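Here the structure comes first, spelled out in structure tokens, and everything after it is commentary.
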Number of protein chains: 2
Amino acid sequence: MSNTHSFTEENYLKAIYHLSTGNNSVVSTNQIAEMTNTKAASVTDMLKKLAEKNLINYIKYQGVTLTDTGKNAAVNIVRKHRLWEVFLVEKLGFKWDEVHDIAEELEHINSESLINRLDDFLGNPAADPHGDPIPDRSGTIHQKKLVRISDMYQDQSGMISGVSEYSSIFLKLVEKMGLTLGTKILITELIEFDGSITLIVNGNSDRTISREVAKNILVML
Amino acid sequence: MSNTHSFTEENYLKAIYHLSTGNNSVVSTNQIAEMTNTKAASVTDMLKKLAEKNLINYIKYQGVTLTDTGKNAAVNIVRKHRLWEVFLVEKLGFKWDEVHDIAEELEHINSESLINRLDDFLGNPAADPHGDPIPDRSGTIHQKKLVRISDMYQDQSGMISGVSEYSSIFLKLVEKMGLTLGTKILITELIEFDGSITLIVNGNSDRTISREVAKNILVML
DNA sequence: CTTATTTTTTAGATTAATCTAAAAAATAAA
DNA sequence: TTTATTTTTTAGATTAATCTAAAAAATAAG
């Protein structure tokens with residue numbers, strides 16, 4: 001159990017995991033290069049190595065998928081990342097736009113008992129400060145079905161429950177607009193001209209947001 | 001401020017720092033090799049690099065000392081290590097013999113605001129679970145004067161306030177003998193034959209400990 | 001169904017950290 | 001104060017992760 005991989009290997013596994021979303025399970029070399037801020041040639045080298053270790057299924061020129069082992073490893077890193085984010089916000093008082101980079105380092109600390117104790121200390125949270133679900137210690141993810149505001153219809157309502165963009169600049173904006181997690185919204189108008197959307201926030205104030213913002217805020221209907 | 005060094009560089013700085021104790025301020029290549037579990041040749045290479053960066057004063061064949069910059073960096077790592085140890089014991093419920101290795105990883109996480117917030121969260125502790133003083137955010141260390149039990153005289157009394165050996169096997173033994181931090185002791189006999197020492201623990205129970213154990217338990221008189 | 005473009009891989013180098021074996025310097029012993 | 005021993009450094013390799021430039025494969029366009 002708990003085979004240990006290098007810092008770099010872990011980052012590649014995580015990148016592949018995040019790129020393997022629903023429909024798009026096979027991931028390309030270039031996608032990985034972009035996500036890891038490396039060049040395609042470097043990715044190819046690493047893919048050979050990960051395939052050798054049975055962490056990915058890799059066929060030359062065809063892209064990669066994670067094996068069960070690789071997926072377990074990736075989910076475990078995600079679990080650690082998200083638990084540390086909860087710690088940073090809930091216990092140390094960081095804001096939700098400040099924790100991503102620190103968690104990016106903390107996620108590589110290797111101790112199963114540490115992470116399980118942290119989980120208990122935090123009260124076994126279901127989601128991180130951005131609404132992303134935290135895998136339990138068996139690796140199971142209880143994902144609520146969320147839709148982008150940009151995919152909602154007129155007169156539809158729901159509660160903001162996540163985001164799909166984690167840059168500080170975006171998160172600060174969302175906060176300033178009062179669209180933090182838990183906020184209830186009702187779509188009042190879909191503006192055809194530029195795709196922007198008008199909504200009522202928490203039953204009272206009116207607000208218009210751009211399509212770009214709407215695409216990155218996730219709602220539970 | 002807060003120049004960032006590699007994981008490995010940090011470990012060398014820390015090793016040199018711990019080896020530069022009081023009387024012995026100049027540290028040798030072999031000492032560093034032993035502490036870092038590397039070979040002398042590797043140490044020489046790294047010393048050149050650290051000297052180049054002005055973190056150490058290094059003269060070939062003569063040994064090294066830390067520069068002010070190097071010492072600051074080292075103290076900061078020690079601060080992080082000890083604060084994380086407090087966190088692990090006080091908040092996550094680890095035992096004092098379980099935290100060293102995890103803190104060894106956590107000490108390399110790089111974020112000044114993280115560590116200062118952690119410090120506050122923990123109530124700005126003065127010492128770690130082994131009694132070692134925690135440098136404050138300016139790098140100042142408020143070290144209490146401690147003596148080894150092996151250096152005490154008959155009829156002398158004091159309070160156990162630290163250890164100088166961190167292996168799990170030693171710490172578990174100390175705990176089993178009821179000689180944890182805060183315990184009051186009175187020396188009743190110095191046994192000439194093998195250097196072992198008899199003492200009264202917390203005013204009641206009698207105990208004899210070997211010289212080897214006595215050397216690694218520190219007392220505030 | 002060729003040709004052009006894009007994507008991916010290979011080949012060959014580079015950097016950081018390490019090693020072994022041999023040479024050089026410092027220290028200890030005779 | 002020579003000789004022997006120990007310590008330290010140099011020389012030359014190795015491994016992991018990366019890069020650029022060129023070659024090969026896959027995909028898209030004409």
Side-chain angles (χ1 to χ4, degrees), chain A residues 3-17 19-20 23-66 70 73-74 77 104-105 107-108 110, chain B residues 3-17 19-20 23-66 70 73-74 77 104-105 107-108 110:
Chain A
N3 212 339
T4 179
H5 312 108
S6 78
F7 188 94
T8 312
E9 287 169 343
E10 290 193 346
N11 279 336
Y12 275 90
L13 290 173
K14 190 179 54 152
I16 297 167
Y17 176 79
L19 289 166
S20 315
N23 41 354
N24 188 39
S25 100
V26 176
V27 177
S28 78
T29 301
N30 268 351
Q31 285 178 296
I32 299 170
E34 171 157 29
M35 180 145 297
T36 57
N37 292 306
T38 58
K39 298 302 163 70
S42 312
V43 173
T44 301
D45 281 350
M46 182 55 80
L47 293 184
K48 287 183 195 164
K49 192 175 171 189
L50 295 175
E52 190 61 44
K53 292 190 173 189
N54 277 306
L55 294 165
I56 60 172
N57 306 112
Y58 170 52
I59 308 170
K60 268 195 198 176
Y61 295 102
Q62 309 271 102
V64 294
T65 58
L66 291 170
I77 298 161
E104 208 77 352
E105 290 194 58
E107 72 189 7
H108 299 287
N110 230 311
Chain B
N3 212 341
T4 180
H5 311 108
S6 78
F7 187 95
T8 312
E9 287 168 345
E10 290 192 347
N11 280 335
Y12 276 90
L13 290 172
K14 190 180 53 153
I16 297 167
Y17 176 80
L19 289 166
S20 315
N23 42 352
N24 189 39
S25 100
V26 177
V27 176
S28 78
T29 301
N30 267 352
Q31 285 179 296
I32 300 169
E34 171 157 27
M35 180 144 299
T36 57
N37 290 307
T38 58
K39 297 301 162 73
S42 312
V43 173
T44 301
D45 282 349
M46 181 55 79
L47 293 183
K48 287 181 194 163
K49 192 174 171 189
L50 294 175
E52 190 60 44
K53 293 190 173 188
N54 278 306
L55 294 165
I56 59 171
N57 306 112
Y58 170 52
I59 308 170
K60 268 193 198 179
Y61 295 102
Q62 308 271 102
V64 295
T65 59
L66 290 170
I77 298 161
E104 208 77 354
E105 289 194 57
E107 72 189 6
H108 299 287
N110 230 311

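The chains referred to below are lettered A, B, ... by the order of the sequence lines, with proteins before strands, and numbering in each begins at 1. If you're wondering where the values come from, they're calculated on a predicted model, not measured in any experiment.
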From A:L50 atom CG to A:N57 atom CG, the distance as rounded to the nearest 0.5 Å: 11.5 Å
Distance below 4.0 Å between A:S28 side-chain N/O and C:dT8 OP1 or OP2: yes
Derivation and outcome, side chain to side chain contact (heavy atoms under 4.5 Å, CB included), residues A:L13 and A:Y17: CA-CA 6 Å; A:L13 290 173; A:Y17 176 79; over 6 Å; no
Rounded distance (nearest 0.5 Å) linking atom OG1 of B:T29 with atom NZ of B:K60: 12.0 Å
Between C1' of D:dT7 and CD of B:E34, the distance in whole Å: 14 Å
Distance, nearest 0.5 Å, that separates CD1 of B:I32 from CD of B:E34: 11.5 Å
Close approaches to DNA chain D from residues 50-63 of chain B, in residue order (heavy atom, under 4.0 Å): B:Y58, B:K60, B:Y61
Approximate separation, where rounding is to 0.5 Å, of B:K53 NZ and B:H5 NE2: 6.0 Å
Phosphate-side-chain proximity, A:N30 and C:dT6, N/O vs OP1/OP2 below 4.0 Å: no
Sugar-phosphate, base or nothing in reach of B:T38, heavy atoms under 4.0 Å: sugar-phosphate
Length of the CD-C1' vector between A:Q31 and C:dT6, whole Å: 14 Å
Candidate nucleotides D:dC19, D:dT8, C:dA21, ranked by approach to the side chain of B:A41 - the nearest: C:dA21
Validation row: B:N11, B:E107 side chains within 4.5 angstrom (heavy atoms): yes
Selection from D:dT18, C:dT8, C:dC19 that lies nearest to any side-chain heavy atom of A:M46: D:dT18
Earlier contact from the 5' end, DNA chain D, for B:K48 and A:K39: B:K48
Atom pair CG/CG of A:L47 and A:L55 - distance to nearest 0.5 Å: 11.5 Å
Chi angles and distances behind the side chain to side chain contact (heavy atoms under 4.5 Å, CB included) call for A:I56, A:V27: CA-CA 11 Å; A:I56 60 172; A:V27 177; over 6 Å; no
Non-hydrogen atoms of B:A33 and B:K39 that approach each other most closely: CB-C, 3.9 Å
Any side-chain heavy-atom pair of B:Y58 and B:T44 under 4.5 Å: yes
Stems involving DNA chain D, each a run of at least 3 consecutive Watson-Crick or G-U pairs under 3.5 Å: C:1-30 with D:1-30
Rounded distance (nearest 0.5 Å) linking atom NE2 of A:H108 with atom CD of B:E105: 11.5 Å
Side chain of A:S42 - closest among D:dT9, D:dT18, D:dT7: D:dT18
Sugar-phosphate only, base, or nothing, as touched by B:T29 at under 4.0 Å among non-hydrogen atoms: sugar-phosphate
Spacing of B:L47 atom CG relative to D:dT8 atom P, expressed in whole Å: 10 Å
Interface residues of residues 7-16 of chain A with DNA chain C (non-hydrogen, below 4.0 angstrom): none
